[in-house]
Amino acid sequence: VDKILHHVDRESIWLPLCASIYIHLASCYIFWQMTDGRSMKERIDELSKEVYGLFEACCDPVHQMNLVDTLQHLSIDHLFEEQIDATLHSIHGSGPGCFSLHEAALQFRLLRTHGLWVSTDGLVSKFRDDDGSFSAEITNDPRGLLSLYNAAHLLIHGEVELEEAIRITRHHLESLRSSLKSPLAGQVIRALKLPLPRTLKRLEALDYMSEYIDEQTYNPSILELAKLDFNLHQRLHLKELKANSQWWKDVYQEVELNYARDRVVEVFFWSYTIYHKQDYSRARTMLTKIFSLVTLLDDTYDVHATLDDCHKLTEALQRWDGRAVSTLPEYLRKFYMRLLRTFEEIEAELQPKERYRVAYIREAFMLQSEAYLQEAKLFHHNCKPTFKEQVEVSMISIGAKLGAAAALIGMGDEATRDAFDWALRGASAVMSFAQIARFMNDIASFNSGKNKKDVASSVQCYMNEYSVTSEVAIAEIGYLIEDAWKTANQARFDHPELLPAVQRVINMTVGMPIIYDGKKDAFTGGKDLKEMIERLFISPIPL
């Protein structure tokens with residue numbers, strides 16, 4: 001905590017967090033002393049064996065689906081990946097069953113999320129009356145409506161029936177909300193704000209742990225396992241955050257770019273949304289370092305540099321050679337050399353067979369700088385791009401290709417050359433992330449007021465081109481965001497051999513509604529993330 005305090009600035013969310021850290025420190029220390037890592041892991045192994053037994057004893061598809069759903073809800077599905085994969089493939093192979101609305105929707109959601117294609121045939125139609133409306137029995141089934149509402153958000157382009165299902169189920173859930181009891185009441189409130197497929201799993205797990213005890217399927221061993229696993233991971237994440245904060249303190253002091261945002265905590269949180277498992281510790285750290293440096297680059301182009309400085313920085317980055325430092329303005333030379341050195345350090349951490357990956361990240365970094373330069377030209381020349389022109393540039397500058405590639409660099413064998421090629425090609429999942437991130441960012445920026453050297457946002461360009469109000473522009477852009485979610489859903493089935501890479505990008509996309517909650521930019525104005533950071537990284541769950 002002391003090391004973190006030394007580099008806190010007034011804008012960073014760490015300032016209000018420091019008091020909370022100290023308050024929790026004593027209780028955390030006592031908790032960790034009583035439950036040391038070894039005993040926690042031993043207990044996790046014992047409880048995991050019990051759950052393995054549940055898979056072996058469970059033959060009924062409905063019970064199997066409920067078990068998988070529970071493990072995913074509690075964010076401990078990573079402990080049973082082989083069992084879940086075998087179970088879902090078995091269910092997929094057996095075809096649709098004679099299920100209730102809840103069970104049919106649950107099957108649909110579980111299979112599509114796992115990358116197993118299932119059509120909409122019968123999902124909605126068999127629960128309608130002859131006139132096409134939902135039967136009275138269904139409209140009074142809040143659990144079934146909630147399941148269908150969540151499942152329908154995995155729709156792809158052309159699935160009009162699911163679009164209608166979202167509208168209808170939302171209407172009925174809103175009318176039933178005040179009469180519901182726990183645990184369903186809380187689940188409905190959360191889903192209406194953010195449907196389950198677009199929810200950060202770890203946050204949902206924290207909420208569901210307090211509700212699970214009221215479920216008919218409650219199993220005390222599963223709940224204990226979820227709490228222990230969360231606390232064990234939390235210890236690791238806090239250790240990583242401490243190390244990354246120390247690294248950033250050294251970088252920030254070295255490069256002396258005081259106009260740039262101090263956002264290492266927010267960047268680490270973003271990397272956490274992409275992968276939280278212990279196996280991805282290296283990946284989280286590498287991604288945090290890369291995008292912390294991107295923050296410096298972004299703020300240089302956006303806030304401080306002249307157009308001539310922007311040209312020189314872009315040219316130096318295209319050369320990617322320490323000898324190019326002499327061409328840069330004095331204030332950028334330390335940053336440039338630190339950037340090159342950080343990439344060398346990352347390359348040294350990789351295994352020899354993995355070191356080719358750095359070339360992909362360098363290429364993505366160069367593309368990023370070119371997009372920043374293009375935006376700088378638009379601003380300095382006082383250009384007024386069309387909506388289409390603005391989106392073409394800003395979808396690159398949002399960092400989708402760089403993010404997709406950088407998310408792979410620290411991963412294991414699933415990060416193949418094909419996966420890196422897919423990322424830099426700007427495949428459908430990558431560009432859907434770019435659209436969602438860009439549009440949500442622009443809406444948040446418009447609501448808060450843009451930086452003085454930002455180019456006109458997509459909201460402003462739409463308003464100017466079509467002579468409409470901001471409310472109309474934001475609504476129309478909202479439709480484009482929904483279309484992008486459909487593209488992201490489709491991506492799971494376009495390249496099944498690249499599903500691990502696709503899922504990382506989908507996880508990035510899921511992080512966007514968290515960062516831009518309430519149409520505010522929690523990354524730039526990081527105080528909105530304070531409570532979330534405390535829950536995820538600081539406060540252990542009582543056993």
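What you see is a predicted model; the values in this text were computed from it and never measured.
Considering OH of Y479 and CD1 of I474, their distance stands at 13.0 Å, rounded to 0.5 Å. One distance of note links CG of L206 with NZ of K227; it measures 11.0 Å at 0.5 Å rounding. A distance of 9.0 Å separates CD in E159 from NZ in K486, rounded to the nearest 0.5 Å. Taking CE from M40 and CG from N231, the interatomic distance works out to 5.0 Å, rounded to the nearest 0.5 Å. Note: M395 CE to F433 CZ = 10.5 Å, rounded to the nearest 0.5 Å. Interatomic distance, CZ of R202 versus CZ of F537, reported as 9.5 Å (0.5 Å rounding).
Ion pairing between D214 and K181 fails under the 4.0 Å rule for side-chain N and carboxylate O. Note on R177 versus E174: no salt bridge recorded, every NZ/NE/NH1/NH2 to OD/OE distance being 4.0 Å or above. A salt bridge is absent between E163 and R170; no separation between the charged side-chain nitrogens and carboxylate oxygens falls under 4.0 Å. A salt bridge does not link E42 to K49: none of the charged side-chain nitrogens sits closer than 4.0 Å to a carboxylate oxygen. With respect to the salt-bridge test (charged N to carboxylate O, under 4.0 angstrom), the residues R284 and D279 do not qualify.
Counting only distance, with no hydrogens or angles, the side chain of R109 and the backbone of L154 share no donor-acceptor pair below 3.5 Å. Of the possible polar contacts, none joining the S75 side chain to the L71 backbone as a donor-acceptor pair under 3.5 Å is found. Between the side chain of H153 and the backbone N or O of Y149, at least one donor-acceptor pair lies under 3.5 Å. At distances below 3.5 Å, at least one donor-acceptor pair connects side-chain atoms of E103 with backbone N or O atoms of S100. Remark: side-chain polar atoms of S458 are not paired, donor with acceptor, to backbone N or O of F439 under 3.5 angstrom.
A donor and an acceptor atom, one from each side chain of N441 and Y516, are located under 3.5 Å apart. A donor atom on one side chain and an acceptor atom on the other are found under 3.5 Å apart for H78 and D229. With 3.5 Å as the limit, one finds no donor-acceptor pair spanning the side chains of S182 and E211.
Ring centroid separation for the pair H276 and Y280 does not come in under the 6.0 Å cut-off.
With contacts defined as side-chain heavy-atom distances shorter than 4.5 Å, the pair L146/Q187 qualifies. R504 has its side chain within reach of M411: a pair of non-hydrogen atoms, C-beta onward, lies under 4.5 Å apart. The closest side-chain heavy-atom distance from I166 to L155 is below 4.5 Å. In this structure, the side chains of L47 and E224 come closer than 4.5 Å at one or more pairs of heavy atoms. Side-chain contact between V188 and P142: absent, with no pair of heavy atoms (C-beta onward) separated by less than 4.5 Å. In this structure the side chain of S221 never reaches within 4.5 angstrom of the side chain of V51, judged on heavy atoms. Looking only at side-chain heavy atoms (C-beta outward), L203 and M532 come within less than 4.5 Å of each other.
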| task | Using the side chain to side chain contact (heavy atoms under 4.5 Å, CB included) rule, take Y212 and I222 through it: C-alpha gap first, then chi angles, then the decisive distance, then the call. | result | CA-CA 10 Å; Y212 177 53; I222 291 179; 3.9 Å; yes
| message | Run N66 and H102 through side chain to side chain contact (heavy atoms under 4.5 Å, CB included) and show every step you take. | response | CA-CA 11 Å; N66 285 332; H102 163 67; 4.1 Å; yes
| field | Test side chain to side chain contact (heavy atoms under 4.5 Å, CB included) applied to L223 and M209, step by step | value | CA-CA 7 Å; L223 182 58; M209 283 181 201; 4.1 Å; yes
| task | Report the C-alpha distance between L116 and L110 in whole Å, list the side-chain angles of each, state the deciding distance to 0.1 Å, and finish with yes or no for side chain to side chain contact (heavy atoms under 4.5 Å, CB included). | result | CA-CA 9 Å; L116 298 172; L110 292 177; over 6 Å; no
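In this view, S432 satisfies the side-chain hydrogen bond (donor to acceptor under 3.5 Å, both in side chains) rule with no residue, not counting sequence neighbours. Evaluation of the side-chain hydrogen bond (donor to acceptor under 3.5 Å, both in side chains) rule for H63 yields no partner, not counting sequence neighbours.
Ring orientation note: the planes of Y272 and F269 are close to parallel, at an angle under 30° on the 30°/60° scale. Ring geometry for H73 versus Y208: interplanar angle of 30 to 60°, hence tilted. Between F55 and F80, the two ring planes are tilted [angle within 30° to 60°].
Heavy atoms from other residues, nucleotides or ligands lying under 6.0 Å from NZ of K277 number more than 12.
Listed by first and then second residue, the salt bridge (charged side-chain N to carboxylate O under 4.0 Å, His left out) pairs involving residues 143-154 are R143-E215 (not counting sequence neighbours).
Checked options D262, T295, T288; the residue passing with W248 is D262 (criterion: side-chain hydrogen bond (donor to acceptor under 3.5 Å, both in side chains)).
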